[in-house]
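Any value given below was found using the heavy atoms of this structure, including those in side chains, with hydrogens, waters and symmetry copies removed. Just so you know, these numbers come straight off a predicted model, no measurement behind them.
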Amino acid sequence: MPEATQEPAQPADQPTEAAPEEERTFRREDWYGEEFIGRRFVRCEFHEIDLTESVTRGATFTDCVFGNVRFNASKHFQSAFTGCSFKRCNLFDAEFTGCKLVGSRFEECSMRPLRVSGGDWSFVGLVRADLRGVTFERVRMREADLAWADGTDAVFSDVDLSGADLGNVKFAGAELRGSDLSTLDPTQAELTGAIVSPEQATVLVTSLGLHVRG
């Protein structure tokens, strides 16, 4: 009889990608200090979850809802929260590094002192957000909605704000050098004490209808 052939064995340590959690609702879970590595959530809802000091690495949350979630002192690396809704969440001392939040929106959230480094926050909704003292560095925020947001003493350094809605924004005392301010109307913003580069100053002066000559 011919010998039976065997399929080659798979390496024992070969990683397998976990199936995404879809359309699930989580309530009053204590996930303090938990790590979420490569986890995927699609159209899930999270209500009154404690994510204090939690860590995400390469995790993805797509079209998810976060209500009254505590992100205090949490850290997020190369994770994605796309098309998500954050309402009455606490992001005190949270950090986002290289994360993607395209199309997400924040309502009535506590976001101080938030720190964001790199990543893509384009089309994000931050209308009337309290951003006093927060830090955004080297972040893409194209067409973000920052109307009526309070960015007093905040850092928006090397941020791509092209096409962003900056109507009635407060940038008093803010560090703005290196950022795209082409849509900022100085007559509809609070800029006392803001720090800008000579090139940015020229853009702002030109928007007022003035001509800069040597």
Side-chain angles (χ1 to χ4, degrees), residues 66-74 76 81 83-210 212:
F66 297 87
N68 292 293
V69 174
R70 294 186 291 281
F71 289 94
N72 307 49
S74 61
H76 309 275
F81 298 79
C84 293
S85 172
F86 298 81
K87 190 164 185 178
R88 292 190 294 276
C89 294
N90 193 329
L91 290 92
F92 174 82
D93 209 27
E95 296 183 16
F96 291 82
T97 303
C99 293
K100 182 178 181 180
L101 280 89
V102 174
S104 290
R105 60 189 183 278
F106 295 81
E107 300 177 55
E108 303 176 57
C109 292
S110 176
M111 307 184 70
R112 304 170 55 205
L114 175 71
R115 291 182 295 279
V116 180
S117 177
D120 193 345
W121 287 52
S122 297
F123 304 99
V124 74
L126 289 164
V127 179
R128 298 184 182 276
D130 185 353
L131 303 175
R132 290 175 294 166
V134 305
T135 297
F136 284 86
E137 295 181 307
R138 302 179 305 282
V139 185
R140 176 179 290 181
M141 298 185 74
R142 292 181 179 178
E143 298 190 48
D145 194 344
L146 288 159
W148 298 95
D150 188 350
T152 300
D153 296 323
V155 173
F156 280 79
S157 177
D158 297 313
V159 175
D160 183 357
L161 288 166
S162 56
D165 186 345
L166 301 175
N168 297 287
V169 70
K170 293 183 180 179
F171 277 150
E175 166 63 78
L176 303 174
R177 284 178 292 185
S179 295
D180 186 327
L181 303 178
S182 56
T183 61
L184 179 62
D185 182 352
T187 66
Q188 299 293 323
E190 187 174 322
L191 299 171
T192 304
I195 302 171
V196 298
S197 67
E199 293 78 9
Q200 290 171 310
T202 300
V203 171
L204 295 174
V205 169
T206 301
S207 70
L208 292 171
L210 303 176
V212 180

Could you grab the distance from atom [atom1] of [X] to atom [atom2] of [Y], nearest 0.5 Å is fine?
X	Y	atom1	atom2	result
Asp130	Cys109	CG	SG	11.0 Å
Asp150	Phe171	CG	CZ	10.0 Å
Lys100	Phe81	NZ	CZ	13.5 Å
Phe123	Arg140	CZ	CZ	10.0 Å
Arg142	Thr183	CZ	OG1	12.5 Å
Met111	Leu126	CE	CG	5.0 Å

State which residue, out of Thr152, Leu146, Asp153, Thr192, fulfils the side-chain contact (heavy atoms from CB on, under 4.5 Å) condition with Lys170. Thr152
Only one of Leu181, Val169, Leu131, Asp180 passes side-chain contact (heavy atoms from CB on, under 4.5 Å) with Phe156; say which it is. Leu131
Students often mix this up, so state it plainly: with edges at 30° and 60°, are the rings of Phe96 and His76 parallel, tilted or perpendicular? parallel
Indicate the ring-plane relationship of Phe106 and Trp121, choosing parallel, tilted or perpendicular according to the 30° and 60° boundaries. parallel
Within-4.5 Å side-chain heavy-atom neighbours: [X] and [Y]:
X	Y	value
Leu114	Phe136	yes
Val116	Leu101	no
Val196	Val203	no

For Glu137, all residues meeting salt bridge (Lys or Arg N to Asp or Glu O under 4.0 Å), sequence neighbours excluded: none
Among residues at least two apart in sequence or on other chains, which ones pass side-chain contact (heavy atoms from CB on, under 4.5 Å) with Arg138? Ser117, Asp158
Apply side-chain contact (heavy atoms from CB on, under 4.5 Å) to Arg70 and list each qualifying residue two or more places apart in sequence or on a separate chain. Asp50, Thr52, Asn72
Can you list every pair that meets side-chain hydrogen bond (donor to acceptor under 3.5 Å, both in side chains) and has a residue in residues 83-93, with sequence neighbours left out? Asp93-Arg115
In short, Leu184 meets Leu191 closest at the heavy-atom pair CD2-CD2, 3.9 Å
What is the minimum heavy-atom distance between Cys84 and Ser104, and which atoms define it? N-OG, 3.0 Å
List for me each residue that meets side-chain hydrogen bond (donor to acceptor under 3.5 Å, both in side chains) alongside Asp165, sequence neighbours excluded, and say none if there are none. none
For Ser162, check side-chain hydrogen bond (donor to acceptor under 3.5 Å, both in side chains) against everything at least two apart and list the hits. Asp160
Short side-chain to backbone donor-acceptor contact, Glu175 and Arg177, under 3.5 Å: yes
